[in-house]
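Here's the structure, in structure tokens; my notes come after.
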Protein chains: 4
Amino acid sequence: MVASSAGETRPLRADARRNRERILGAAGAVFAEHGPAASTEQVAERAGVAIGTVFRHFPTKRDLLQAIMKDLLARLTAEATALAADGDPATALFTFFARLVEQSANQKTVIESLTETGTDLPMAGAVGPFRDQIATLLERAQAAGAVRPGVRTDEVMALLAAQCQGALHGGWDADLRGRTLAIVFAGLRHP
Amino acid sequence: MVASSAGETRPLRADARRNRERILGAAGAVFAEHGPAASTEQVAERAGVAIGTVFRHFPTKRDLLQAIMKDLLARLTAEATALAADGDPATALFTFFARLVEQSANQKTVIESLTETGTDLPMAGAVGPFRDQIATLLERAQAAGAVRPGVRTDEVMALLAAQCQGALHGGWDADLRGRTLAIVFAGLRHP
Amino acid sequence: MVASSAGETRPLRADARRNRERILGAAGAVFAEHGPAASTEQVAERAGVAIGTVFRHFPTKRDLLQAIMKDLLARLTAEATALAADGDPATALFTFFARLVEQSANQKTVIESLTETGTDLPMAGAVGPFRDQIATLLERAQAAGAVRPGVRTDEVMALLAAQCQGALHGGWDADLRGRTLAIVFAGLRHP
Amino acid sequence: MVASSAGETRPLRADARRNRERILGAAGAVFAEHGPAASTEQVAERAGVAIGTVFRHFPTKRDLLQAIMKDLLARLTAEATALAADGDPATALFTFFARLVEQSANQKTVIESLTETGTDLPMAGAVGPFRDQIATLLERAQAAGAVRPGVRTDEVMALLAAQCQGALHGGWDADLRGRTLAIVFAGLRHP
DNA sequence: GATGAATGAGAGTTCATTCAT
DNA sequence: AATGAATGAACTCTCATTCAT
């Protein structure tokens with residue numbers, strides 16, 4: 001009987017937290033490689049735990065998927081925040097955009113996290129902060145004259161998601177990614 | 001009699017050909033609606049045939065998916081060809097591009113057909129002719145000064161695919177689709 | 001100190017005994033409500049202890065079920081004893097019978113405790129004392145002329161169990177319970 | 001069972017019907033022996049079919065249980081009808097009652113079928129006809145003076161269910177069954 | 001050729017039980 | 001003694017695929 005502070009998540013036992021992380025890691029890798037249709041058992045195996053352990057941490061496959069995406073979004077948001085803090089306003093947005101597309105060439109889950117609408121996984125507004133950072137990057141780029149004033153955050157998010165999905169499912173190589181991005185960036189710049 | 005791409009396809013019995021078509025139609029609809037995870041039995045039911053019949057025509061679910069995409073690509077190619085024949089060179093590419101993105105907002109299979117690489121479904125080069133038409137549209141647009149010279153077919157294909165996937169999985173509404181396309185089009189126009 | 005049925009039970013630590021009781025109470029409630037298929041974890045939660053504690057006290061779910069029934073039987077025996085001591089000989093049996101049936105309309109475990117044979121849970125003869133009290137009630141009722149001489153304890157036990165199970169699984173309302181009992185009581189009275 | 005006279009069940013293929021019957025038979029046996037908690041796989045094995053076949057015929061375990069009980073009830077109803085047709089009015093009810101209790105000493109499912117309320121398996125009123133036959137038997141017995149006028153069908157049904165459950169879960173032997181029934185019958189006869 | 005019943009390998013999920021903390 | 005995380009067998013159910021009719 002642990003006095004559970006009326007809060008939400010009570011501090012997990014050391015081993016539990018370690019496992020939780022291993023599972024998240026494994027799930028990230030497995031789903032990135034085989035898509036969300038990959039089996040939970042694969043995740044368990046990769047994490048080196050029994051299947052029951054996965055389900056103890058994430059009562060449903062859905063929950064696992066959700067957790068993974070939240071996690072990913074949080075990391076991306078941090079990255080964007082960092083860029084907003086000390087990147088060159090004129091290029092930060094482009095840099096981030098390109099970097100993200102780069103990543104998703106290897107991830108099968110990235111994109112879905114960018115589209116709260118697209119998935120039916122409610123992730124408790126974890127997209128919000130991310131979107132906010134994109135908005136910041138956008139404003140700065142516009143202030144620096146690097147992006148046409150009319151462009152809105154919506155479109156940037158949409159283009160980001162589309163490029164990522166394209167890069168992923170299309171299997172674009174680095175060169176093609178670069179040239180495609182160049183076009184999109186030009187579009188953001190000119191009327 | 002019928003031009004058959006591969007070796008020994010014998011002329012099908014009339015009812016067999018009719019069934020083949022009904023299955024393809026049903027599969028198109030079903031997979032468009034529920035994604036490729038939809039069950040083959042649903043397809044059979046929608047086509048009004050028994051499950052065995054589906055498997056006689058397409059020995060594998062994979063084969064069915066493949067056939068569907070070939071079919072779709074053929075239709076798209078025809079559309080592009082028509083535009084190349086009598087559309088305005090300056091706008092035909094854009095028109096086609098926009099039309100396709102529009103469609104995929106409702107289709108769940110379209111995009112995958114655009115990326116022979118992305119899918120693991122080899123479709124015997126059915127992408128070739130499609131790509132050729134896109135190339136034609138592109139050249140004309142460039143000749144008409146509507147697209148910057150440096151742009152290659154590759155990028156156009158890639159952007160097309162990306163936009164379609166975005167439109168589909170992102171659930172973009174008509175407005176967002178329009179604004180996103182505007183940016184991409186501007187990118188194609190300006191250096 | 002405590003009268004313990006089996007061999008070498010050492011006097012439990014105070015908190016241990018308290019826990020044991022809380023578990024028994026919780027188990028009684030949970031199994032009464034959801035039947036024996038309810039999960040042990042539910043019991044633990046209701047008792048406010050960890051699952052490990054439940055298994056420390058009752059190494060097996062079976063053991064827990066068993067203990068619960070012994071417990072219940074003991075309570076019933078006490079009740080019967082009280083009635084035998086100061087109830088009206090002519091009606092005490094009937095009163096007790098009716099009361100028990102009444103209870104089992106709300107309990108999902110009661111009945112099984114009445115049938116040592118029926119369950120595969122050996123309960124170390126805890127039925128014995130209970131049965132003895134029923135026998136007493138019966139003898140008195142017969143002495144008072146309220147029950148036909150030929151009736152034996154066996155049948156009374158059997159009828160009791162049957163009525164309880166009927167009341168429980170059949171979902172009889174108070175009225176039906178009354179009328180059904182009336183018939184059984186009449187049967188006990190007349191040849 | 002019966003040639004599907006009712007509703008829209010289309011005539012099953014010969015092998016399908018054979019399997020359906022084998023599954024029902026197996027399920028009857030398995031559930032009778034181990035109770036409704038027995039696994040569907042056991043049923044499949046006993047029926048000599050693959051697990052998928054069981055689920056093709058009965059999409060849910062629930063459905064299987066339901067079917068079994070409907071089946072059983074139909075058989076019992078037929079039996080009761082026969083007795084109503086050519087049995088001795090004075091004894092037919094008792095005969096049937098006794099026979100049923102006898103059976104349920106070996107069946108683990110019988111009883112539940114008698115209590116539409118008790119189970120949460122809706123069986124489309126299959127209890128109705130059965131109940132009607134019991135009512136008939138009862139009326140005749142009352143007309144013949146073998147049962148007290150005040151007794152209603154409700155109570156008879158309830159007693160029947162209770163006795164069956166008792167016989168089943170209590171593991172009564174033939175002798176005890178006889179003596180218990182004698183008491184109940186006496187109760188039905190006398191005020 | 002068409003039919004649709006049968007197959008059986010998995011998938012997600014639960015839960016009694018064990019054991020490190 | 002108590003805790004609660006980990007285990008893994010078992011269960012229900014799905015679906016691509018095969019094959020007797």
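Every chain is numbered from 1, with letters handed out A, B, ... down the list of sequences. On a predicted model such as this, the values are computed, not experimentally measured, just so you know.
- Put simply, CZ on A:F58 is 15 Å from P on E:dT14, counting in whole angstrom units.
- If you take CG of B:D15 and C1' of E:dT3, they are 13 Å apart, rounded to a whole angstrom.
- Residues B:V49 and A:K61 each lie close to DNA chain E; by heavy-atom proximity, the contact nearer the 5' end of the strand is made by B:V49.
- In this structure, D:I51 places its CD1 atom 13 Å from P of E:dA6, rounding to the nearest Å.
- Checking F:dA16, E:dT18, E:dT3 against the side-chain heavy atoms of B:F55 singles out F:dA16 as nearest.
- As a whole-Å value, the separation of B:I23 CD1 from F:dA16 P is 14 Å.
- Between B:E45 atom CD and F:dA16 atom P the separation is 14 Å, expressed in whole Å.
- Note on B:S39: only backbone sugar-phosphate atoms sit closer than 4.0 angstrom, heavy atoms only; bases stay farther off.
- The phosphate of F:dA2 (OP1 or OP2) has a side-chain N or O of C:N19 nearer than 4.0 angstrom.
- Take the nearest nucleotide of DNA chain E for A:Q42 and for A:G52: the residue whose nucleotide is more 5' is A:Q42.
- F:dA1 atom C1' lies 15 Å from atom CZ of C:R17, rounded to whole Å.
- Counting only Watson-Crick or G-U wobble pairs whose defining distances are both under 3.5 Å, the stems of 3 or more consecutive pairs in DNA chain F are E:2-21 with F:2-21.
- D:T40 comes within 4.0 angstrom of sugar-phosphate atoms only, judged by non-hydrogen atoms across all strands, and of no base.
- An OP1 or OP2 oxygen of F:dA2 is reached within less than 4.0 angstrom by a side-chain nitrogen or oxygen of C:H57.
- Separating the CZ atom of D:R62 from the C1' atom of F:dT12 is a distance of 14 Å, rounded to the nearest angstrom.
- The CD atom of C:E41 sits 8 Å away from the C1' atom of E:dC15 (whole-angstrom rounding).
- Taken to the nearest 0.5 Å, the CZ atom of B:F31 stands 11.5 Å off from the CZ atom of B:R46.
- Contact between the side-chain N/O atoms of D:R56 and the OP1/OP2 oxygens of E:dA6 is not found at any separation under 4.0 Å.
- Nearest nucleotide to the A:A50 side chain, out of F:dC13, F:dT7, E:dA5: F:dT7.
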